[in-house]
Amino acid sequence: MNAHLARLHQIASQPSRRIIGLMSGTSLDGLDVALCRLTGHGPGTELELEQFRTVPYSDDTRARIRTVFAKEQVSLEYLTLLNPWLGSLHAGAVLQCLREWNIAPEEIDLVASHGQTIYHAPQHQHSHPDFQLNATLQLGDGDHVAVGTGIITLSDFRQKHVAAGGEGAPLAAYGDFLLLSSPDEERLLLNLGGIANFTYLPRAGGDASSAFSTDTGPGNTLLDATVRAFRPGLQYDEDGRLAAAGRVHQGLLAALLAHPFFVAPLPKTTGPELFNTDYLTEAQQRSGTITLPLDDTLATLAEFSAMGVARAVEAAFAERLAPTAIYTSGGGAHNPVLMAALKRHLSLADFAPTDTLGVPGDAKEAILFAVLANEAVAGQPVAIGAGRQRVPAVSMGKISFPG
Ligand SMILES: Nc1ncnc2c1ncn2[C@@H]1O[C@H](COP(=O)(O)OP(=O)(O)OP(=O)(O)O)[C@@H](O)[C@H]1O
Ligand SMILES: CC(=O)N[C@H]1[C@@H]2OC[C@@H](O2)[C@@H](O)[C@@H]1O[C@H](C)C(=O)O
């Protein structure tokens with residue numbers, strides 16, 4: 001037997017595994033590195049987050065990714081070069097973290113690498129009628145991560161989801177279901193990243209077929225892009241200070257919300273391919289607000305993100321009360337203006353960070369991929385959302401051996 005296959009067999013048979021989850025989201029702030037000890041698999045999975053660090057991206061790395069990120073037309077040569085380059089960069093980041101944590105690569109069982117989403121093209125969003133299909137592309141080749149770290153690596157998690165009828169996202173529901181279901185309450189887990197999404201979790205032991213996750217629209221992506229455009233040098237509106245000084249412009253808000261995405265059935269996904277500065281400019285033109293001051297624009301964009309969330313929650317729970325326990329994660333949870341708007345629109349809910357459930361919000365998505373890798377080697381396809389379109393019961397991740 002191939003020695004790596006034998007090692008993988010042994011890893012799959014262990015009672016627990018040490019898995020490094022890697023995630024780099026749409027905000028391009030850096031690579032999230034979560035060293036997880038996962039005991040068991042399936043709904044009984046126990047997580048111990050041993051270490052977590054975000055390895056910041058340099059301006060050069062950000063610039064390289066932005067050269068192709070969410071763009072319809074790019075240089076194919078550049079894209080080809082970026083794929084192994086990012087894989088090697090991510091491998092280097094893993095080794096750097098392991099050195100800091102005083103852990104040898106041999107002590108790690110698996111790396112679970114999401115890669116960098118470069119383009120997300122669900123059928124409802126892309127513009128090519130020749131292709132009646134969903135597609136999504138993540139770069140950061142898994143073989144490069146495996147060879148660079150010497151650790152068996154699972155990567156490219158989203159393709160199986162697409163192949164089985166999903167949009168390739170959000171995958172959050174699969175990990176949330178395994179780690180965060182509670183017998184005591186139904187939950188909404190709200191992630192406020194570049195794009196916002198939520199997972200609905202029925203009570204543990206209840207009807208798993210009703211669990212699902214959906215994107216709701218922009219989280220921080222339009223806020224960040226606007227700050228970057230008006231204030232070069234700033235990456236985002238820290239603590240929502242600029243937005244807090246502004247006022248919501250109802251005309252611009254209505255123009256921003258006038259898109260079919262907000263009335264499309266759940267679950268659905270989106271990305272900065274749609275929600276970008278062109279989207280904002282077009283809404284400003286329609287509402288005559290091109291000259292609106294920056295603080296008012298940001299206040300309106302925060303309200304827009306919150307209303308996207310509120311509309312998706314209303315759509316999901318049109319026939320009954322929505323769960324009142326909402327647990328937040330992602331960078332937007334640190335934005336008080338966004339949080340205040342959410343609390344106004346979902347006034348019956350109690351909000352708490354996922355940290356109170358033992359899952360630090362900033363690490364949650366990196367942990368998700370460690371959990372998916374754990375299921376792929378030791379568990380079963382995660383069966384949730386049955387009967388709902390676009391929530392296939394699959395195990396995810398492609399396996400790369402280091403030699
Ligand atoms: N103190 C803060 N005040 C305001 N906004 C903040 C603060 N801290 C983080 N953010 C916001 O959170 C963003 C980073 O969020 P996060 O890391 O969750 O995004 P991501 O993982 O890249 O996104 P996605 O989930 O879409 O992939 C920043 O770009 C910023 O907009
Ligand atoms: C295609 C893609 O990378 N989507 C991301 C993005 O960032 C947030 C939102 O849009 C979510 O759908 C997804 O990531 C998380 C980890 C998910 O799949 O659940």
Side-chain angles (χ1 to χ4, degrees), residues 20-35 51-71 74-75 78-101 111-120 136-142 144-145 148-149 153 155-158 169 191-195 218-229 231-239 271-273 275-277 329-335 360-370:
I20 293 182
L22 302 181
M23 174 70 187
S24 165
T26 50
S27 306
L28 307 186
D29 47 348
L31 181 70
D32 294 336
V33 184
L35 170 53
Q51 299 283 353
F52 174 71
R53 171 151 154 52
T54 300
V55 180
Y57 278 161
S58 66
D59 289 345
D60 171 63
T61 299
R62 252 193 292 275
R64 288 185 195 215
I65 297 171
R66 286 217 172 96
T67 302
V68 297
F69 184 66
K71 289 192 175 153
V74 298
S75 151
Y78 202 95
L79 192 81
T80 304
L81 294 167
L82 198 58
N83 188 35
W85 186 81
L86 272 175
S88 300
L89 183 85
H90 290 175
V94 169
L95 293 177
Q96 180 192 332
C97 287
L98 287 174
R99 270 195 303 277
E100 280 170 24
W101 300 333
V111 171
S113 175
H114 171 265
Q116 179 68 52
T117 294
I118 290 300
Y119 205 90
H120 187 59
T136 187
L137 181 64
Q138 286 70 44
L139 295 190
D141 178 63
H144 285 72
V145 180
T149 58
T153 296
S155 67
D156 213 12
F157 290 84
R158 299 191 188 273
N191 187 67
L192 299 165
I195 297 297
N220 311 303
T221 189
L222 278 177
L223 288 160
D224 289 356
T226 305
V227 169
R228 279 201 309 274
R231 295 283 159 87
L234 286 189
Q235 292 298 330
Y236 61 87
D237 179 17
E238 199 173 351
D239 300 332
E273 298 76 15
F275 292 112
N276 51 34
T277 46
S329 60
H334 303 300
N335 182 336
D362 295 335
K364 183 169 174 282
E365 290 189 336
I367 293 169
L368 162 69
F369 292 98

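Residue numbers count from 1 along this sequence.
- In this structure, Leu35 and Phe52 have side chains that are not in contact, with every pair of non-hydrogen atoms separated by 4.5 Å or more.
- Across Thr221 and Pro272, no two heavy atoms sit closer than the pair OG1-CB, 4.1 Å.
- Closest of all the heavy-atom pairs between Leu222 and Pro218 is CD1-CG, 4.0 Å.
- A distance of 9.0 Å separates SG of Cys97 from CD of Gln51, quoted to the nearest 0.5 Å.
- In this view, His120 satisfies the ring-ring contact (aromatic ring centres under 6.0 Å, His included) rule with no residue, not counting sequence neighbours.
- Between the side chain of Arg62 and the main chain of Leu28, a donor-acceptor pair closer than 3.5 Å is present.
- Residues Thr67 and Ile65 form no side-chain contact, since every pair of their non-hydrogen atoms from C-beta on lies 4.5 Å or further apart.
- Between Ile118 atom CD1 and Lys71 atom NZ the span is 10.5 Å, to the nearest 0.5 Å.
- To the nearest 0.5 angstrom, Asp60 atom CG is 4.5 Å from Arg64 atom CZ.
- Residue Arg66 comes nearest to Ser27 through the heavy atom pair NH2-O, 4.2 Å, listed as atom of the first residue, atom of the second, then distance.
- Of the inter-residue distances, the one linking Thr226 atom OG1 with Arg231 atom CZ reads 12.0 Å to the nearest 0.5 angstrom.
- The line from OG1 of Thr26 to CG of Asn220 is 8.0 Å long, rounded to the nearest 0.5 Å.
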For Tyr57 and Asp29: C-alpha separation, side-chain torsions, deciding distance, then whether side chain to side chain contact (heavy atoms under 4.5 Å, CB included) applies.
CA-CA 6 Å; Tyr57 278 161; Asp29 47 348; over 6 Å; no
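- When side chains are defined from C-beta on, His334 does not count as touching Tyr236, because their heavy atoms never get closer than 4.5 Å.
- Here the closest non-hydrogen pair linking Ala225 and Thr277 is CB-CG2, 3.7 Å.
- Side chain of Gln235 to backbone of Arg228: no donor-acceptor contact under 3.5 angstrom is found.
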Distance-only donor-acceptor pairs under 3.5 Å for side chains of residues 80-88, two or more places apart:
unit_1	atom_1	unit_2	atom_2	d
Thr80	OG1	Leu76	O	2.7
Asn83	OD1	Gly140	N	3.0
Asn83	OD1	Asp141	N	3.4
Ser88	OG	Pro84	O	3.2

Dump the intermediate steps for side chain to side chain contact (heavy atoms under 4.5 Å, CB included) on Leu223 and Asp237, then the final yes or no.
CA-CA 7 Å; Leu223 288 160; Asp237 179 17; 5.7 Å; no
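- Counting only heavy atoms from C-beta outward, the side chains of Ile20 and Val33 approach each other to under 4.5 Å.
- No side-chain heavy atom of Leu31 sits under 4.5 Å from any side-chain heavy atom of Thr54.
- In this structure, Gln116 and Gln138 have side chains that are not in contact, with every pair of non-hydrogen atoms separated by 4.5 Å or more.
- Taking every heavy atom of both residues into account, Ser113 and Thr153 meet most closely at CB-CG2, 4.2 Å.
- Ring geometry, His114 versus Phe369: the interplanar angle falls from 30° to 60°, so the pair is classed tilted.
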Checking side chain to side chain contact (heavy atoms under 4.5 Å, CB included) for the pair Arg53/Gln96: CA distance, chi angles, key distance, verdict?
CA-CA 11 Å; Arg53 171 151 154 52; Gln96 180 192 332; 3.0 Å; yes
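- For the atom pair CG of Asp32 and CG of Leu368, the computed distance is 12.0 Å after rounding to the nearest 0.5 Å.
- Between Leu95 and Gly148, the shortest heavy-atom contact is CD1-O, 3.3 Å.
- Inter-residue side-chain proximity for His90 and Val94 is flagged as unmet; no heavy-atom pair is nearer than 4.5 Å.
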